[in-house]
Amino acid sequence: MLTTFSEIEFDKLVDDVSACRKCARMEGCVRVLSWANGSIEAPLMFIGEAPGRLGADRTAIPFHGDKSGDNFEKLLDTAGISRKDIFVTNAVLCNPKDEKGNNSPPAKREIENCVDNLQRQIELIKPALVMTLGGVALEATRIIEHHDLTLRDSVRTSNKWNSRLLLPLYHPGARAMIHRSFHNQVSDYYFVGETLKRLGNKKRRASTSIRDDNSWNVVAKVLKIHGSISLFRLHKILYLIDNLAAARLGGPITRFFYIRQKDGPYCVDLGGRWYSRFPDSLEATKSAMPILTWRTRGLFDEEEHQVSDEALALIREVANQTEMLNEGQLKTKVYLTEPMKRYLKMEKQGFSSLNMRLL
Ligand code: SF4
């Protein structure tokens with residue numbers, strides 16, 4: 001349901017972008033701008049180069065689903081920055097490909113074609129900090145308002161630009177890691193978090209910027225209680241827990257980012273390399289939809305991953321409600337939740353709600 005002027009404006013921008021045909025070679029590509037890009041209230045905006053063929057061009061979620069996306073999500077995670085608190089976009093919103101169908105850098109003309117879209121996103125979201133990921137994104141910001149920054153000289157510095165701060169960072173893709181190691185990039189993302197915290201005291205509350213680890217304790221508790229569970233079920237069960245928490249407690253108990261995808265709610269935070277958080281306890285079968293098994297480590301395991309009594313009660317309640325449901329029935333259950341019903345109603349009115357943020 002549309003409630004604010006910004007939401008209406010954002011939907012208009014998404015519509016304009018999906019109708020955009022300025023770049024001939026982008027014909028047939030996904031226009032990667034939707035509610036899956038992140039929160040329009042976010043204090044942090046990350047700007048990449050362009051959607052990747054195996055990443056956002058496939059998943060419609062920027063920096064998600066390919067190696068660059070894995071690296072980006074790992075960098076965010078290590079620095080404790082949640083997807084829920086950021087908006088991620090690209091200098092060009094479609095995936096430029098060469099004649100062989102491989103990723104190719106956007107042409108200068110394509111960057112210029114898309115710069116209005118970038119400017120509209122910045123004006124609408126009004127992030128306190130803008131992080132450019134790589135040289136192309138830095139060039140695009142220069143078109144919006146001139147600056148003399150170069151990636152090599154200005155990496156990890158905060159610079160006044162366009163009524164906010166601009167922090168040039170390297171691209172998280174494998175090629176850029178040759179110039180700036182993953183280790184160095186981790187420090188860059190910590191710097192982003194710290195800069196936001198400092199700014200939060202003066203300008204904008206930083207309370208939403210840094211994730212506590214409770215979200216992952218909730219995941220661990222769910223896995224422990226279920227023992228063995230498919231990744232499909234885990235996405236849906238976490239959504240049900242947070243949806244129930246939103247109704248009962250006034251807000252989700254995790255800081256995860258859920259969007260509506262074809263088979264229902266999808267937790268973006270469970271799309272990357274999150275398994276590595278539980279290296280000693282979690283086993284996953286190798287398949288498109290893995291089965292996850294929690295290996296308990298006795299007393300030590302019990303002491304880890306504590307959640308509040310309220311959270312535990314919700315986790316148990318959803319476990320009881322869903323344990324006898326097969327995947328089809330579970331899918332029906334999530335479709336009967338209020339956010340999903342709302343979006344299905346919008347779809348009947350001709351509005352595409354795929355990739356809309358659910359919680
Ligand atoms: S890259 Fe930008 S300007 Fe070019 S077609 Fe896509 S949305 Fe339009």
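For ligands, and for the atoms within them, numbers begin at 1 and follow the listed sequence.
Around atom 6 (Fe) of ligand 1, the protein N, O or S atoms found under 2.8 Å comprise C94 SG.
A distance-only check finds no donor-acceptor pair linking the side chain of R164 to the backbone of L129 [under 3.5 Å].
Side-chain contacts under 4.5 Å among hydrophobic residues (ILVMFWY), followed directly or transitively, place Y266 together with I61, F257, I259, V268.
Between T322 and the choices K333, Q329, K236, the side-chain contact (heavy atoms from CB on, under 4.5 Å) rule is met once, by K333.
Under the 4.0 Å criterion applied to side-chain N and carboxylate O atoms, E112 and R109 are assigned as salt-bridge partners.
Side chains of N159 and T157: a donor-acceptor N/O pair is present below 3.5 angstrom, by distance only.
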Discussion item. Working note: F63 + F46, criterion ring-ring contact (aromatic ring centres under 6.0 Å, His included); need CA distance, chi angles, decisive distance, verdict.
Written reply: CA-CA 10 Å; F63 284 105; F46 289 85; 8.5 Å; no
